[in-house]
Structures are given as structure tokens and as C-alpha cells.
Amino acid sequence: MELVAGCYEQVLLGFATRPGQSWTVVPDFTHHAHTASLSAVAVNNRYVVTGSRDETIQIYDMKKKIEHGALLQHNGTITSLEFYGTAHLLSGAEDGLICIWNTKRWECLKSIKAHKGHVTSLSIHPSGKLALSVGTDKTLRTWNLVEGRSAFIKNLKQNAHIIKWSPDGEKYVTVIANKVDIYRLDTASITGTITTEKRISSLRFITDSILAIAGDDEIIRFYSCDSQKCLCEFKAHENRIKDIYSFEREGQHVIVTASSDGYIKMWNLDLEKIRDGPSLLCEVNTKARLTCLAVWLDQASEMKENSDKTATSSQETEDEKSSTARINKDFWTTKRVKIAKRKRKIIPEKQKLEAPVQKKKKKQNSSA
């Protein structure tokens, strides 16, 4: 298990985490990943990808601990990255594009002009057939990923900056400033609203009906999607929280938080005693101004990620995904040729990730 975090100092930080009766976190690597601050990070069973204000996406092979290359399709800050299974990655940026990538050969299968303004957030349905995106054009858009086209457009009163599917895919939420609207998929209507005092910076589904919400303060709050009531709140950090991540390990719900105070903390949440709040498992002071966070889980260990969608672990889902991938490949062949002629997609690099160093700003010639 590896905690990976991006920061304003242009560095990707890695911390090896060892679960047990007493959890431990030790520095594993630092890498000067970009030429500007990191804005997004995503993981699957093999790769970590990071997005930045330098308009590039960097790829890291965590099995081999090497830098794998860079994706150069976007012309704007990378705002959102999300894997679907082992075969696809979606990226969104301030250029208004959503790009769909094949992660086997790192080809851009399709580039969609998704929003008139910036793409602020995107989320893939657990089936892999739909995706949602929000942008600065005050729209919420539904995408048919099988056919690679827009399926539905909903106008919003204000710009939303976060969108998330629930793990079961039956509901989704949008975040506008300090307000969370909860939608049902079957009716596309709002079933409830959660309002907080501060602007919301990060949000995660812990279960299908429980949300963890962090605002621009040091407090994390757990809400019920059904009643929209706060189940628990606790002080997690000394400064505002920048990102939340969560996963499930052997029936244990683990919450990971990153803050402007430089700390990454891991918490154990007992759902039966949720009103008592989570207990601290371990923490590490990165001494960096953190911006984004993820947890890379080695599939060899018996861990199940509890992300914002159900993991595609069953063979039935894997077969469905492969079928979708075959359809997508045929549908996007013409577009792929045009993209390949216009712009290089990946710059292969085989550079080892460096060991932890005190001065994280040491320049590396690794960016494209």
C-alpha cells in the first residue's frame, strides 16, 4: 500500500504504508513530477497518474517504480483524472476537453469538447457505460461512453466544482460552493440537499448512503444521504483539508485525509459506532503544501478499494468492460488517427523514482 500525494512544490510524494495492529507510514520516494503545482492524482492496480497546471499528465508504473511517460493532449490545467478498471483513463482539463485513454498502449481513443468553459470534475458510473461531468458553463453533462457521445445536458444555476457517483451507481451528487445536491439516477431529480458553513473542498462516498465531506476548514463531517443529517463531525487537522480518500480493507473502512498543514492522516471508521467518530491509525508530516491525494493498493494484497464506484473485480464485470472496450475501439478508430497526426500523446521515459530527499525542489529533467 502506498500513499501518493501531490503538492504546490511540483513534487509527487510516496509513502509506504504497512497495516497491522499498529499502522506505520515510512517515506518511499519523492519525484519532481511537473514544472507547476500538481492538481489531480488517480490510481489503478498498476499505475499512478498525476495532472498539473503545466498541462501535462505524468504516468508512473508502481510495480516497477519507474516513470512511464507523459500525456500531452490537453491545453490547460488538468482538473480531473479517473481510471475505470485496468483498461481506461478519463481526463478533464481547463481547455474544456474530456479525453478517454487506453491504458494498455496509452492511446487517446477520443477527445470530446465537453464544456464551453473548464471541465471542473468528472465521474465514471460503476458500469463504465456512463460518465458525468460539470464545468464552468453551468452545465451537468451525461456521456454515453459506449458510443462516445453526449447523452443529456442539464443546466445548473451555478457552476459545480465536484461530481461523484455513489458506489452502487444509483445516485450521484453535485457540489456547488457549500451545497451538496443528491440526485437519483432513475429520475435525474434532486432527492435532498446538504448545506455546510464553509465551501466544500472534497467529498467521498464511504458507503452508498454515507458521505464524508470536508470544507475549507479542519473538520470532517459524515452525512446520511437519506436524511441529509450530520451523523458525526470531528477535527482532523490543524488547517483546512484539501482531499479525502477512502478504501475498505478486510471489512475495515479506512479514511485518508490530506491538509494544508502538511499532514496525511489515516483513520479507522467503525460504521456501527460512527457517532463516536473515527480513530487515528497513523500520520505523517510531509512538510509540503498538499493539493491532492490517492492510495495505491497492490492487488496481490487482499484489499478492496472503496472508491466512488464499485471496483470491477468480478469476472462478469470484467467481461462487460472488455466488451465495452471493443466497441469503443472500433467506434473511435477514425478519431484516433486524426489525434495521432495532430499531437504526440505520450513521451516514453524509464526513469526510476528517486528515494526520499530533504530538498523536494531538486530539479529533474523528467518532464516532457
Report task. With the side chain counted from C-beta on, respond yes when Glu67 and Ile59 share a heavy-atom pair under 4.5 Å apart, and no when they do not. Result -> no
Requested in this report: Determine the minimum heavy-atom distance between Leu290 and Tyr8, stating which atoms define it.
Outcome: O-CE1, 4.5 Å
Query - Side chains of Met266 and Thr17 in contact at under 4.5 Å (non-hydrogen atoms) - result: yes
Requested in this report: Find out whether Ile255 and Ile206 are in side-chain contact, i.e. whether some heavy atom of one side chain is under 4.5 Å from a heavy atom of the other.
Outcome: yes
Report task. State plainly whether one hydrophobic cluster holds both Trp267 and Leu271, where clusters connect Ile, Leu, Val, Met, Phe, Trp and Tyr through side-chain heavy atoms under 4.5 angstrom apart. Result -> yes
Requested in this report: Examine distances only and state if a side-chain atom of Thr30 and a backbone atom of Leu13 form a donor-acceptor pair shorter than 3.5 Å.
Outcome: no
Query raised in the report: Are any non-hydrogen side-chain atoms of Val4 and Phe29 less than 4.5 angstrom apart?
Result: yes
Query raised in the report: Ser133 side chain to Leu122 main-chain N or O, any donor-acceptor pair under 3.5 Å?
Result: no
Query raised in the report: What distance do Trp296 atom CH2 and Asp28 atom CG have between them, rounded to the nearest 0.5 Å?
Result: 10.0 Å
**Report entry** Shortest non-hydrogen contact between Gln252 and Trp23, atoms and distance
**Finding:** OE1-CZ2, 3.6 Å
Query raised in the report: Can you tell me how far the CD1 atom of Ile210 sits from the CG atom of Leu231, to the nearest 0.5 Å?
Result: 6.0 Å
Query raised in the report: Same cluster for Ile220 and Ile274 if Ile/Leu/Val/Met/Phe/Trp/Tyr side chains link at under 4.5 Å?
Result: yes
Query raised in the report: Are the side chain of Glu82 and the backbone of Ala42 linked by a donor-acceptor contact shorter than 3.5 Å?
Result: no
Query - Leu293 vs Lys242, side chain to side chain contact (heavy atoms under 4.5 Å, CB included): CA-CA, chis, key distance, verdict - result: CA-CA 8 Å; Leu293 170 74; Lys242 298 292 289 186; over 6 Å; no
Query raised in the report: Hey, is the main chain of Phe83 close enough, under 3.5 Å, to the side chain of Asn44 for a donor-acceptor pair?
Result: no
Query raised in the report: Would you say the side chains of Thr79 and His118 form a donor-acceptor pair under 3.5 Å?
Result: no
Query raised in the report: Does Leu185 share a hydrophobic cluster with Ile163, counting links as ILVMFWY side-chain heavy atoms below 4.5 Å and allowing steps through other members?
Result: yes
Query raised in the report: Around Lys229, counting heavy atoms of other residues, nucleotides and ligands shown, do more than 12 lie under 6.0 Å from its NZ?
Result: no
Query - Distance-only donor-acceptor check, side chains Asp243 and Ser202, under 3.5 Å - result: yes
Query - Counterpart residues, salt bridge (Lys or Arg N to Asp or Glu O under 4.0 Å), relative to Asp137 (two or more places apart) - result: Arg141
Report task. Under the side chain to side chain contact (heavy atoms under 4.5 Å, CB included) rule, what do Ile98 and Leu90 come out as? Steps first, then yes or no, please. Result -> CA-CA 7 Å; Ile98 291 178; Leu90 265 64; 4.3 Å; yes
Query raised in the report: Are the side chain of Ser166 and the backbone N or O of Tyr172 linked by a donor-acceptor pair below 3.5 Å?
Result: no
**Report entry** pair Tyr183-Ser189: side-chain heavy atoms closer than 4.5 Å
**Finding:** no
Report task. Starting from the C-alpha separation in whole Å, work towards a yes-or-no answer on side chain to side chain contact (heavy atoms under 4.5 Å, CB included) for Ser246 and His253. Result -> CA-CA 7 Å; Ser246 66; His253 290 274; over 6 Å; no
Query - Co-membership, hydrophobic cluster, residues Val43 and Tyr60, 4.5 Å side-chain - result: yes
Query raised in the report: Between Leu3 and Tyr245, is any pair of side-chain heavy atoms under 4.5 Å apart?
Result: no
**Report entry** Check: Gln73 side chain, Cys99 main-chain N or O, donor-acceptor pair, under 3.5 Å
**Finding:** no
Report task. Taking all heavy atoms of Arg240 and all of Ser259, pick out the closest pair and write down the distance. Result -> O-OG, 2.9 Å
Report summary line: Here the gap from Asn75 atom CG to Asp95 atom CG, rounded to the nearest 0.5 Å, amounts to 6.0 Å
Query raised in the report: Going by atom types alone, do Thr193 and Asp181 pair a side-chain donor with an acceptor below 3.5 Å?
Result: yes
Query raised in the report: Would a 4.5 Å heavy-atom cut-off, applied to side chains only, mark Thr86 and Arg46 as touching?
Result: no
Report task. Kindly determine whether Val134 and His161 satisfy side chain to side chain contact (heavy atoms under 4.5 Å, CB included), including the steps that lead there. Result -> CA-CA 7 Å; Val134 288; His161 62 279; over 6 Å; no
Report task. Quick one: pull up NZ in Lys104 and NE2 in His88 and give me the separation to the nearest 0.5 Å. Result -> 9.5 Å
Query raised in the report: In the single-linkage hydrophobic clustering (I, L, V, M, F, W, Y; side-chain heavy atoms under 4.5 Å), do Trp165 and Leu156 co-cluster?
Result: yes
Query - Non-hydrogen atoms of Thr50 and His34 that approach each other most closely - result: OG1-NE2, 2.8 Å
Requested in this report: Flag the pair Leu211 / Phe205 as yes when at least one side-chain heavy-atom distance between them is below 4.5 Å, and no otherwise.
Outcome: yes
Query raised in the report: Got a donor-acceptor contact below 3.5 angstrom from the Tyr263 side chain to the Lys287 backbone?
Result: no
Query raised in the report: Which atoms form the tightest heavy-atom contact between Ser201 and Gly215, and what is the distance?
Result: OG-O, 3.4 Å
Query raised in the report: Is the backbone of Gly135 close enough, under 3.5 Å, to the side chain of Lys116 for a donor and an acceptor to pair up by distance?
Result: no
Query - Exceeds 12 heavy-atom contacts within 6.0 angstrom, atom CZ of Arg53 - result: no
Query raised in the report: Do side-chain atoms of His125 reach the backbone of Ser127 as a donor and acceptor pair under 3.5 angstrom?
Result: yes
Query raised in the report: Between CD1 of Ile100 and CG of Leu145, what distance do you get to the nearest 0.5 Å?
Result: 5.5 Å
Query raised in the report: Hey, what do you get for OG (Ser260) to CG (Asp217), rounding to the nearest 0.5 Å?
Result: 11.0 Å
Query raised in the report: Using the benzene-type ring in the case of Trp, are the ring centres of Tyr47 and Trp106 under 6.0 Å apart?
Result: yes
Query raised in the report: How close do Val25 and Phe15 get, heavy atom to heavy atom, and via which atoms?
Result: CG1-CB, 3.5 Å
Query raised in the report: Counting only N and O atoms by type, is there a donor-acceptor contact under 3.5 Å from the side chain of Thr291 to the main-chain atoms of Leu38?
Result: yes
